[in-house]
Amino acid sequence: MKIALLGYGKMGKTIEKIAIERGHTIVIKTNDEEGYDITEADVAIDFSVPNAAFFNIIKCFKHGVPVISGTTGWLDNFKKAKALCEEENGAFIYASNFSLGVNIFFELNKQLAKMMSKIESYKVSLEEIHHTQKLDAPSGTAISLAESIISEHDSYTDWSLLSQKENTIPISAKRLDDVSGTHAVSYTSNTDTITIEHEAHSREGFALGAVIAAEWLQDKTGVYTMKDVLNIG
Ligand SMILES: NC(=O)C1=CN([C@@H]2O[C@H](COP(=O)(O)OP(=O)(O)OC[C@H]3O[C@@H](n4cnc5c(N)ncnc54)[C@H](O)[C@@H]3O)[C@@H](O)[C@H]2O)C=CC1
Ligand SMILES: O=C(O)C1=N[C@H](C(=O)O)C[C@H](O)C1
């Protein structure tokens, strides 16, 4: 498979290594909006920056190139991207987190929220920790976790960074050197705390998931999620 890497930073470089190990060829690697012919690629993988992702993605739709995006912090335009994908008969997967471990963690989070919805004595909170170069906060993964709790738990209607408000899930975002990505969901009562946590040991899990998603998407049209790719949940 000929792959275009839209964004050749920390993730782009990790994806390149894994894609080559799996027998693919990188035909484009760019940190720019222009200066390449996207039709050279069978599939594009966008891990760029929040203000570039939407442009990169719709360019792929316009040229009939299936696209995977893991860029976070651009979701105000997500609905528009989905609609454009359908209009152009494109192929698209966005995931706030491509690792198998986090996608299993997403399912655990959903089940736990469903169970805790019936128990009023526990209050939920989220914590995410990432490296200091991260541009967005809270992380895309923390937002996915919070939205899933909101859809399963009757007491929560919103999330916010460090909120104290009733019905709002507080998210704490910490930035420390060299942390690939840690997410914890805690339920606290007067007597105890239940915590589930996922800790990424490196970027390789995210990169492998993105390459597997690209392999899965290459002959399809439509908008999909990692749940479709991994067949879990
Ligand atoms: N969904 C997931 O599983 C994961 C998502 N991410 C997200 O992926 C994104 C990238 O992460 P990193 O590689 O760690 O960041 P990074 O900062 O190392 O790399 C981003 C690259 O995008 C480049 N760039 C800037 N403008 C561009 C444009 N117009 N077109 C293409 N590239 C452009 C930058 O020059 C930089 O090299 C972030 O939004 C991050 O949150 C990161 C890890 C996993
Ligand atoms: O920026 C990162 O590094 C990561 N970003 C994603 C997010 O915002 O959730 C996924 C992962 O946690 C690493």
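All of these numbers come straight from a predicted model, not from anything done at the bench. Start at 1 and go down the list; that is how both ligands and their atoms are numbered. The analysis underlying the following values was restricted to heavy atoms, covering all of them including side chains, and did not include hydrogens, waters or symmetry mates.
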Between the side chains of Asp46 and Thr71, is a donor N or O closer than 3.5 angstrom to an acceptor N or O? yes

Fit a plane to each ring of His130 and His183, take the angle between them on a 0 to 90° scale, and name the class: parallel (under 30°), tilted (30 to 60°) or perpendicular (over 60°). perpendicular

Tell me the protein heavy atom at minimum distance from atom 25 (C) of ligand 1, and give that distance in Å. Val49 CG2, 3.6 Å

Residues at least two apart in sequence or cross-chain that pass ring pair (Phe, Tyr, Trp, His ring centres under 6.0 Å) with Tyr224, listed by chain then number, are Trp216

When distances are taken from atom 40 (C) of ligand 1, the protein heavy atom at minimum range is Thr72 OG1, 3.7 Å

Please identify which atoms of ligand 2 are closer than 4.0 Å to at least one heavy atom of His183. 12 (O)

contact_flag Ser180 ligand 2 heavy-atom lt 4.0 Å: yes

Within 4.0 Å of some non-hydrogen atom of Thr141, the atoms of ligand 2 are 7 (C), 9 (O), 10 (C), 12 (O)

Ligand-side contact atoms (ligand 2) for residue partner Ser139, heavy atom cut-off under 4.0 Å: 7 (C), 8 (O), 9 (O)

If you have a sec, work out which protein heavy atom is nearest atom 5 (N) of ligand 2 and how many Å separate them, to one decimal? Lys134 NZ, 3.1 Å

Mode of Arg203 contact toward ligand 2 - side chain, backbone, both, neither (heavy atoms, under 4.0 Å): neither

Which heavy-atom pair separates Ile171 from Ala146 by the least distance, and what is that distance? CD1-CB, 4.2 Å

Cation-pi geometry met for Lys59 and Tyr36 (6.0 Å, 45°): yes

shortest atom 19 (O) of ligand 1-to-protein heavy-atom contact is with Gly9 CA, 3.4 Å

Counting only heavy atoms, which portion of Leu135 has something under 4.0 Å from ligand 1: side chain, backbone, both, or neither? neither

Near Gly70 (heavy-atom distance under 4.0 Å), the atoms of ligand 1 are 1 (N), 2 (C), 4 (C), 5 (C), 6 (N), 7 (C), 8 (O)

Salt bridge check: are Glu87 and Lys82 linked by an N-O gap of less than 4.0 Å? no

What closest approach, in Å, do Ala210 and Ile45 show between heavy atoms, and which atom pair accounts for it? O-CD1, 4.2 Å

Those atoms of ligand 1 less than 4.0 Å from some heavy atom in Ser96: 1 (N), 2 (C), 3 (O)

State the CG-OH distance between Asp32 and Tyr8, to the nearest 0.5 angstrom. 15.5 Å

Looking at Asp192, I'd like to know if its CG atom is crowded, meaning that more than 12 non-hydrogen atoms belonging to other residues, nucleotides or ligands lie closer than 6.0 Å. yes

Close-contact set for ligand 1 against Lys134 heavy atoms, below 4.0 Å: 41 (O)

Find all atoms of ligand 1 within a distance of less than 4.0 Å from any non-hydrogen atom belonging to Thr30, and give their numbers and elements. 31 (C), 32 (N)

Of the listed options Phe47, Phe98, Tyr94, closest to atom 4 (C) of ligand 1 (non-hydrogen atoms): Phe47

Hits for side chain to side chain donor-acceptor pair (under 3.5 Å) against Asn103, two or more places apart or cross-chain, chain-then-number order -> none

Run the numbers for me: atoms of ligand 1, each under 4.0 Å from some heavy atom of Ala52, listed by number. 27 (C), 28 (C), 29 (N)

Would you call Glu127 and Lys174 a salt bridge, using N to O less than 4.0 angstrom? yes

Going by the order shown, which atoms of ligand 2 are within less than 4.0 Å of some heavy atom of Gly140? 7 (C), 8 (O), 9 (O)

for atom 22 (O) of ligand 1, nearest protein heavy atom and its distance come out as Ser48 CA, 3.5 Å

Distance to the ring centre below 6.0 angstrom and angle to the axis at most 45 degrees; does that hold for Lys123 and Tyr187? no

Heavy atom of the protein closest to atom 6 (C) of ligand 2 (residue, atom name, distance): Ser96 O, 3.7 Å

Indicate yes or no: does an N/O atom of Ala95 lie under 3.5 Å from an N/O atom of ligand 1? yes

Heavy-atom contacts with Asn97 under 4.0 Å: which atoms of ligand 2 show up? List them by number with element. 10 (C), 11 (C), 12 (O)

Where on His131 is there a heavy atom closer than 4.0 Å to ligand 2, on the side chain, on the backbone, on both, or on neither? side chain

Under 4.0 Å from a heavy atom of Met11: which atoms of ligand 1 are those, numbered in the order shown and with their elements? 12 (P), 13 (O), 42 (C), 43 (C)

Would you name the heavy atoms of Glu204 and Ile18 that are closest together and state the gap between them? O-CD1, 3.7 Å

Looking only at protein heavy atoms, what sits closest to atom 12 (O) of ligand 2 is His130 NE2, 2.6 Å

Would you please classify the geometry between the Phe105 ring and the His198 ring as parallel, tilted or perpendicular, with 30° and 60° separating the classes? tilted

Closest protein heavy atom to atom 16 (P) of ligand 1, given as residue, atom name and distance to 0.1 Å: Lys10 NZ, 3.7 Å

Hey, what's the ring geometry for Phe78 with Phe92, parallel, tilted or perpendicular (30° and 60° as the breaks)? tilted

Side chain or backbone of Asp32 under 4.0 Å from ligand 1, or both, or neither, by non-hydrogen atoms? backbone

Ignoring hydrogens, what is the shortest heavy-atom contact between Ala200 and Ser180? Give both atom names and the distance. O-CB, 3.8 Å

Residue part near ligand 2, for Ala200, under 4.0 Å between non-hydrogen atoms: neither

Identify, for atom 36 (C) of ligand 1, the protein heavy atom at the shortest distance, and state residue, atom and that distance. Asn31 OD1, 3.6 Å

